[in-house]
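Here is the naming used below: chain letters follow the sequence lines, and residue numbers restart at 1 for every chain.
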Amino acid sequence: MARLLLDFCVPLRAFELELTLPVERTVALVGPSGAGKTSVLRVVAGLLEPGRGGVSLDGTSWNGVPPERRRVGFVFQDYALFPHLSVRANVAYAGPVGDLLERFRITHLADARPRELSGGERQRVALARALARGPDVLLLDEPLAALDAHTKSEVRHELHQLLRGLALPTLLVTHDYEDAAALADEVGVLVDGKLRQVAAPAELVARPSDAFVASFTGANLLRGRAHRGELTEVTLEDGERVFSTDDGEGEVGVVVYPWEISIARAHADDSALNVIRGEVGTVVEVGNRVRVRVGPVTAEVTASSAERLGLASGGVAYATFKATGTRLVPL
Amino acid sequence: MRRIPVVGAALVTLAFLALPIVAVFARLSFAHLSSSVVTDALVVSLKTNAVAQAFVLLLGTPTAYVLASRRFPGRSLVVTLVELPIVLPPAVAGIGLLAAFGRMGLLHTSLPFTQTAVVVAVAFVAGPLYVRQAIAAFEGVDETLVAASRTLGAGPLKTFFRVVLPLARGGLGAGEALAFARGLGEFGATIMFAGSLQGVTQTLPLAVYAEFDVDFHTALALGGLLVAVSAVLLVTLKWLASSSTSAFRFALSSSS
């Protein structure tokens with residue numbers, strides 16, 4: 001797989017955007033709005049000139065290469081479909097249409113104008129158009145932000161499948177950590193133009209570099225298979241079972257925040273339905289709290305309870321959380 | 001009951017605006033339309049305006065695009081300079097053109113009192129109207145669409161013709177119609193810079209002025225002609241503004 005390397009510095013209005021980031025699979029940039037996330041994509045696409053440094057693909061520098069000669073598929077936040085062109089003409093603008101209309105299930109919309117489409121349809125057109133270019137790199141700016149909650153989970157699932165199939169270096173930007181964790185192999189937290197931390201989603205939850213990263217990237221994401229019932233039962237990859245009040249079926253991710261999880265040394269019989277037994281892993285102090293890894297999940301407890309439970313010495317512990325404290329996202 | 005004064009004011013306004021136009025047609029005799037003064041003036045007007053507007057479109061469009069899409073120091077000063085002729089009294093425009101292109105002028109040309117001088121006067125007075133409207137039309141095109149076009153492999157030229165121009169088309173058409181109407185009615189700058197020689201520099205408005213104390217009926221016929229041409233323009237302008245996108249859709253679907 002190709003390797004995209006970002007290494008540049010751009011003076012923005014309020015701060016300087018400065019980062020070094022290799023992109024080999026899907027990397028998500030998360031952070032509060034105004035952190036410079038979109039500017040990163042614009043630099044890669046050649047729409048914004050960096051003050052220093054630049055972007056290279058497999059060692060070939062893109063410095064001075066105009067946007068039209070960089071093989072980049074850019075899906076803009078509001079999709080930026082050409083309003084005066086039909087769906088087919090939008091896709092054909094970038095290159096041969098081929099089977100793209102069929103692949104993205106937009107054949108029946110071929111002659112429609114963008115304004116006649118729903119949010120989900122627009123996104124599929126924007127993706128088809130970006131791929132018509134035959135890009136070496138994919139850039140997605142808030143790919144799910146323009147969608148309502150109902151379509152969002154379905155589209156996220158499709159997008160995840162697509163990115164996995166394409167196997168292109170992909171950089172996506174989102175303000176939603178959950179989307180980032182569901183879509184990306186690696187997540188970078190960007191604050192005021194600087195990368196605070198880059199790591200796999202689970203690693204980011206387990207070992208946040210500072211309090212901001214900890215509060216921003218909170219969620220554990222456990223992969224499993226859901227079965228409908230009175231409560232939804234999810235069988236995790238390691239065989240553990242977890243219950244959720246959310247509705248779901250098939251491949252899902254169970255989202256649970258570290259502060260929803262409590263830790264005990266003994267198996268307690270309380271209203272918390274979900275109990276995961278595991279070895280105590282890393283213990284990281286974040287401000288006045290401590291993040292503890294127990295088996296597949298990371299919990300957040302106060303420093304004093306961590307000391308009382310003697311977590312630093314390892315051993316077996318029980319992580320418990322309520323079914324109501326979980327959310328299910330399709331994967 | 002409070003409505004009555006409002007309706008009354010509206011009726012008075014409408015009557016006041018319509019009366020002179022009605023009067024032109026009420027007393028118009030079609031026989032005078034074939035007078036050589038009228039046909040000569042019509043030919044001079046159409047010819048000079050067509051040439052002037054061709055220059056306005058060809059030079060004004062790229063100028064407007066540069067001013068709309070680039071940010072540079074002194075830009076607002078340049079835009080103000082472009083807009084200045086719009087508010088300039090026509091007599092000042094005329095004397096200015098003489099001072100620039102006259103025999104005694106800065107450039108010492110033999111331009112004044114030729115048909116080319118009519119073209120220059122019309123372009124100077126009407127061009128800025130188009131350029132100002134075109135700047136607004138280009139500024140109205142979403143920058144993201146321009147950026148999208150570039151990332152999709154289109155260079156600046158293809159982006160301009162396939163994205164920017166089609167999207168700004170309605171505004172450009174409206175601006176051109178305004179400029180054409182202004183050019184067709186041009187009087188002050190033309191009479192000072194080009195004179196009023198029948199068959200050479202005498203346009204329709206100049207002919208109205210030349211004829212009204214010689215042959216009032218010919219002047220009326222000229223006036224009627226100008227009203228008709230202006231009305232057609234106004235209707236075209238409104239049609240362009242309201243249907244620019246759908247007109248474009250027809251053009252596209254028939255070509256694909």
| Proximity breakdown for A:L139 and chain B, heavy-atom pairs closer than 4.5 Å |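 For A:L139, neither part sits under 4.5 Å from chain B.
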| request: Counting only heavy atoms closer than 4.5 Å, note whether A:Y93 contacts chain B via side chain, backbone, both or neither. | output: both
| message | Tell me whether A:D136 is salt-bridged to A:R70, with the criterion being a basic N under 4.0 Å from an acidic carboxylate O. | response |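 Here A:D136 does not pair with A:R70 in a salt bridge, since their nearest N and O are not under 4.0 Å apart.
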| Side-chain donor-acceptor pair under 3.5 Å between B:D142 and B:T144, yes or no? | yes
| query | Is the NZ or CZ atom of A:R129 positioned over A:F82's six-membered ring, under 6.0 angstrom from the centre and within 45° of the axis? | reply | yes
| message | Distance to the ring centre below 6.0 angstrom and angle to the axis at most 45 degrees; does that hold for A:K194 and A:F15? | response | no
| chain A contact via B:L167 - which portion, at a heavy-atom distance below 4.5 Å |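 Only the side chain of B:L167 comes within 4.5 Å of chain A.
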